[in-house]
Number of protein chains: 2
Amino acid sequence: MGTEKLDTEVRQEQLAQAALSLITIQGLKGLSVARVARRVGLVPSAVYRHFESKDELLDAVLEMIRERLNANVVLASQGATDALQVLRRLVMAHVRLIRENEGILSVVFSDEVHNGHPARKALVHSIIQGYLKKVAQIVSRGQQQGHIRADADPGTVSVMFLGLIQPAALLWHLSGGGFDVTRHVEKAWDLLSKTLKAS
Amino acid sequence: MGTEKLDTEVRQEQLAQAALSLITIQGLKGLSVARVARRVGLVPSAVYRHFESKDELLDAVLEMIRERLNANVVLASQGATDALQVLRRLVMAHVRLIRENEGILSVVFSDEVHNGHPARKALVHSIIQGYLKKVAQIVSRGQQQGHIRADADPGTVSVMFLGLIQPAALLWHLSGGGFDVTRHVEKAWDLLSKTLKAS
DNA sequence: GGATCATGTGAATAATAGTTCACATCAATG
DNA sequence: CATTGATGTGAACTATTATTCACATGATCC
């Protein structure tokens with residue numbers, strides 16, 4: 001057939017992207033090598049020219065997720081003044097990211113991660129840890145600036161930060177889009193930031 | 001073989017319990033009819049005497065989860081005085097429940113729920129909605145008693161309540177037990193309850 | 001104690017999916 | 001222009017698993 005031959009780096013990128021899209025649409029269970037292949041105009045066996053196994057493909061997807069999370073932190077920090085403002089911007093960017101890629105939650109909570117190769121579990125752990133660390137740093141900076149109360153543990157706040165979004169995303173997902181994540185996160189953030197504000 | 005014959009209600013209970021245990025140990029992906037059967041000393045085909053399908057078995061597991069969540073609410077409310085105290089007790093009971101049954105999170109976030117039969121998705125939605133509603137009622141009661149500030153939306157607080165635990169449970173899971181959920185939830189609750197307390 | 005019906009068994013079935021392999025093809029290299 | 005190596009193809013293989021069915025068995029009711 002008239003299928004173009006592309007360098008393996010390009011294909012890897014394509015395949016990882018196609019995999020994440022597929023997960024977003026069909027869930028991780030719907031992620032099959034065959035479907036991913038078809039999505040980029042290839043035949044199933046061709047995938048194995050670019051990845052050793054399906055597992056390796058999934059790892060590539062995880063790396064994509066890490067990059068997008070980190071990109072959000074950079075974006076939210078640009079032109080930053082108040083740490084609380086940065087956090088607010090970040091929480092909203094996070095909501096957008098999750099909404100546009102429901103697959104992320106599917107992967108993070110999946111069996112493939114929690115009961116698959118220990119290495120993959122460790123990878124996801126490091127991704128989330130890395131993200132939380134950056135959030136905690138923002139909190140620390142806010143404390144040094146005097147915008148955030150000093151007796152709040154940055155680590156605890158960073159986990160609470162995730163907690164603003166996670167259950168809301170779950171409800172949004174379960175309700176088929178009926179739950180208003182943005183509205184919830186705004187209200188929840190208002191409440192939380194009241195506590196965080198230095199008095 | 002010398003396998004005892006038991007009434008279908010007993011078997012259903014046994015099988016659902018065995019299924020939840022299996023999910024806790026191996027994840028939802030590791031839940032096969034064969035394994036569940038072996039766990040109660042039966043042969044795979046025998047399961048179909050008590051459940052129409054694997055799907056129906058999963059639904060039975062979900063009902064178990066609902067009952068345990070509701071039991072926690074009753075327990076935490078017993079001998080209640082301050083609503084904030086009730087919520088604190090409930091959050092701790094919830095942590096214990098999740099820690100002892102990691103399978104609950106596996107199921108709630110699974111593809112089988114999110115991309116399976118719409119009816120199952122609706123069931124999970126109703127379970128969580130029901131739980132949140134009860135939490136919100138506790139908050140409302142606290143506002144009437146004057147223990148909780150009046151300008152906090154009970155619905156928002158109930159979702160935040162879940163948010164205290166969910167990401168912590170995820171980290172605990174990912175770290176293989178290294179993350180101290182109880183400690184985090186205590187600190188996070190302290191922070192949140194400062195905001196909630198009526199001034 | 002014998003009939004009966006729910007419960008348990010073992011074998012067979014069908015579908016799905018990851019993976020392998022022998023072969024084809026195209027682009028770059030010398 | 002011929003060679004070579006990377007990329008793509010199609011068919012086959014294997015393993016897993018939910019499900020069905022004909023048959024066995026044991027408890028219960030008359």
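Quick note on labels: first sequence line is chain A, next is B, and so on, each numbered from 1.
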Could you check B/K5 against B/E52 and say which one's nearest nucleotide on DNA chain D is further toward the 5' end?
->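 Here B/E52 is the residue nearer the 5' end.
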Whole-Å distance between [N] [atom2] and [X] [atom1]?
X     : N      : atom1 : atom2 : result
B/L42 : C/dG8  : CG    : P     : 5 Å
B/R39 : C/dG8  : CZ    : P     : 18 Å
B/K29 : C/dA17 : NZ    : P     : 13 Å
A/E56 : C/dT19 : CD    : P     : 10 Å
B/Y48 : D/dA18 : OH    : P     : 6 Å
A/Q26 : C/dT16 : CD    : C1'   : 14 Å
B/R35 : D/dT19 : CZ    : P     : 15 Å
B/E9  : C/dA6  : CD    : P     : 13 Å

From [options], nucleotide with atom closest to [X] side chain:
X     : options               : result
B/V33 : D/dA18, C/dT19, C/dT9 : D/dA18
A/H50 : D/dG10, C/dG8, D/dT7  : D/dT7
B/R49 : C/dT9, D/dT7, C/dG18  : C/dT9
A/S45 : D/dA6, C/dA17, D/dA11 : D/dA11

Are the aromatic ring centres of B/H94 and B/Y131 under 6.0 angstrom apart?
->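 Centroid separation for B/H94 and B/Y131: below 6.0 Å.
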Non-hydrogen atoms of A/V95 and A/V185 that approach each other most closely |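 Smallest heavy-atom distance, with atoms named: CG2-CG2, 3.8 Å.
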Just call it for B/L31: base, sugar-phosphate, or nothing, with non-hydrogen atoms closer than 4.0 Å on any strand.
->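 Counting heavy atoms under 4.0 Å across all strands, the contact made by B/L31 is with sugar-phosphate only.
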May I ask you to decide whether B/K194 forms a salt bridge with A/D151, counting only side-chain N to carboxylate O separations under 4.0 Å?
->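 Result for this pair is yes, salt bridge flagged.
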Kindly say whether B/Q78 contributes a backbone atom to a donor-acceptor pair with the side chain of B/R89 at under 3.5 angstrom?
->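 Answer holds: yes.
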